[in-house]
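Order of the sequence lines fixes the chain letters, A, B, ..., with proteins taken first and strands second; residue numbering starts at 1 for each chain.
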2 protein chains.
Amino acid sequence: MNIHSSPSFRPLYDQIKILITQSLIAGEWRPGDAIPSEIDLAARFKVSQGTVRKAIDELAAENILIRRQGKGTFVASHSQERASTRFLRIARDDGVAEYPTSRLLSVTRERAPEASASLLDLRTGASIFCIKRLLSFEGVPRILDEIHVPAASFKGLDDAMIRNYPGSLYSFFESHFGIAMIRAEEHIKAVKAGPIEAELLHVPQDQPLLRVDRVAFTYGDRPVEWRRGLCHTERFSYVTEMS
Amino acid sequence: MNIHSSPSFRPLYDQIKILITQSLIAGEWRPGDAIPSEIDLAARFKVSQGTVRKAIDELAAENILIRRQGKGTFVASHSQERASTRFLRIARDDGVAEYPTSRLLSVTRERAPEASASLLDLRTGASIFCIKRLLSFEGVPRILDEIHVPAASFKGLDDAMIRNYPGSLYSFFESHFGIAMIRAEEHIKAVKAGPIEAELLHVPQDQPLLRVDRVAFTYGDRPVEWRRGLCHTERFSYVTEMS
DNA sequence: TAACATATAACTTATATAAGATATAACACA
DNA sequence: TGTGTTATATCTTATATAAGTTATATGTTA
């Protein structure tokens with residue numbers, strides 16, 4: 001009988017992964033920061049450089065860290081060029097890259113409905129912020145978003161803060177609330193446009209729309225955002241890959 | 001100036017990856033087979049075991065190989081339990097796992113239309129097989145598929161062969177034609193059901209449907225299948241994840 | 001003896017450490 | 001401006017141990 005027989009056995013590199021994740025949760029290193037070098041981390045955790053390397057390899061594969069040869073290893077941030085399209089899967093059919101512009105419709109404080117509350121691990125009725133916005137490509141409205149985040153994690157969020165922020169919403173969440181989105185699950189359906197959506201998206205009622213429901217997670221797989229996007233997919237598609 | 005400065009420089013493990021892929025293309029190891037052990041491959045390629053290991057690690061991360069501790073490393077196959085849902089992203093909203101049944105509608109030989117030909121690297125008008133089928137969950141039709149594959153790569157394919165085959169279509173392609181699908185790209189839109197789809201899917205005309213266009217690739221990133229699926233997403237969703 | 005259980009050996013991948021060479025980037029300094 | 005230094009990640013090899021799988025040998029028992 002040795003420690004490896006124990007049911008709670010985890011390889012060293014996995015324990016290092018957890019320790020690094022805990023430092024990310026604690027905010028010791030924030031998005032965009034460089035983390036210590038592999039050798040420094042090895043000394044700190046009392047393991048070999050190779051073991052730290054394997055832990056970082058996996059975190060880099062999950063897009064939580066980013067390695068740059070010669071420079072160091074950095075905490076992934078949504079305030080980076082490459083990140084702009086990381087969670088935006090709607091793209092032009094002709095392949096031309098284009099980033100949408102956002103028109104903020106409303107920011108309200110509400111009681112969480114059952115649907116989003118359960119997915120965010122909140123009690124139904126817990127306080128949330130509800131953000132509504134309209135994304136346009138080439139000035140043409142394409143996506144109507146409704147976004148729910150727990151008020152407790154986003155204290156002080158308001159309309160003006162978002163309106164004045166130049167970058168993406170996730171970049172905003174990072175810089176103002178220290179919450180980095182690292183993973184998301186989406187459920188997609190085809191639905192008919194109702195009267196409100198039809199008007200905002202400039203489409204006839206009953207127009208088929210993509211309904212994209214998302215739950216996004218931060219470090220430690222903690223769900224912190226629910227959103228529903230309604231997308232008019234004329235000349236645009238939701239693009240994904242599998243292997 | 002050394003070889004590492006050369007523009008064509010590739011790390012050793014990457015070259016090993018290519019060599020392994022070439023053996024897969026050549027059919028030296030077929031889906032389901034065990035490949036030689038890391039030590040044997042290291043001897044064969046005249047590199048260290050660690051380098052072979054890194055190459056296999058990456059191929060395993062791409063779901064091309066599968067490692068099984070104590071047993072060996074195997075070529076991924078669609079004729080495996082775990083593979084059944086690998087390329088099927090439509091799932092019940094309540095999360096209950098369920099595999100659809102298939103009704104084959106037709107298998108015809110046709111001239112490739114421009115759309116699928118260009119995506120499959122064929123001339124427009126090249127000979128293809130066109131497979132139409134209807135997938136049902138709990139006996140309820142949900143997905144209408146139209147599938148194009150190059151006739152040159154699927155010689156002798158016909159109606160009866162598919163009908164008599166017990167497993168999935170990709171499993172069938174593997175066992176009868178030695179073509180393994182390892183990756184796919186999908187473009188998704190919301191569209192209205194036309195008269196034909198409406199009847200087959202038991203929905204009213206103009207019902208919103210998910211239209212999922214796929215190109216699937218085999219070893220060496222060679223495109224070998226185009227398909228269009230029309231999905232009725234009542235109580236079902238297209239599920240995906242991102243990070 | 002035949003059937004079954006157990007121990008052992010030989011194989012596999014998985015984990016961990018160490019060491020040296022190379023590529024890339026930033027910076028100091030001539 | 002350019003050149004060398006330094007610090008970083010990257011690549012490659014080597015070695016050792018751990019752990020999972022399978023076949024075979026060796027018992028033990030009916």
Whole-Å gap separating [atom2] ([N]) and [atom1] ([X]):
X       : N      : atom1 : atom2 : result
B:Arg68 : D:dT22 : CZ    : C1'   : 14 Å
A:Asp57 : C:dA14 : CG    : P     : 15 Å
A:Ile66 : D:dA9  : CD1   : P     : 14 Å
B:Leu41 : C:dC11 : CG    : C1'   : 15 Å
B:Lys17 : D:dC11 : NZ    : P     : 11 Å
A:Ile56 : D:dT8  : CD1   : P     : 12 Å
A:Ile39 : C:dT17 : CD1   : C1'   : 14 Å
B:Gln69 : C:dT13 : CD    : C1'   : 5 Å

Seminar exercise, completed: Contacts of A:Thr51 and A:Gly70 projected onto DNA chain C by closest heavy atom; the upstream (5') one is A:Thr51

Problem set entry | A:Lys71 vs A:Gln49, nearer the 5' end of DNA chain C by closest nucleotide | A:Gln49

As a test of reading the structure: which of [options] is closest to the side chain of [X], going by heavy atoms?
X       : options                : result
A:Lys54 : D:dT13, C:dT13, C:dT15 : C:dT15
B:Tyr13 : C:dT13, D:dT12, C:dA16 : D:dT12
A:Leu12 : D:dT10, C:dT17, D:dT13 : C:dT17
A:Ser48 : C:dT15, C:dA18, D:dA9  : C:dA18
A:Pro11 : C:dT15, D:dT10, D:dC11 : C:dT15
A:Thr73 : D:dA9, D:dT22, C:dT12  : D:dA9

Exercise. Would a line drawn from the ring center of B:His176 to the ring center of B:Tyr165 be shorter than 6.0 Å?
Worked result: yes

Problem set entry | Proximity of B:Phe129 and B:Phe154 rings by center, below 6.0 Å | no

For this session: Would you give the length of the straight line joining atom CD1 of A:Ile143 to atom CZ of A:Arg227, rounded to the nearest 0.5 angstrom?
Result: 9.0 Å

For this session: From the options B:Arg228, B:Arg214, B:Arg133, select the one residue that forms a side chain to side chain donor-acceptor pair (under 3.5 Å) with B:Asp145.
Result: B:Arg133

Exercise. Is any side-chain nitrogen or oxygen of A:Arg53 closer than 4.0 Å to OP1 or OP2 of D:dT10?
Worked result: yes

Exercise. On the ring face of A:Phe74, is A:Arg68 found with NZ or CZ under 6.0 Å from the centre and within 45° of the axis?
Worked result: yes

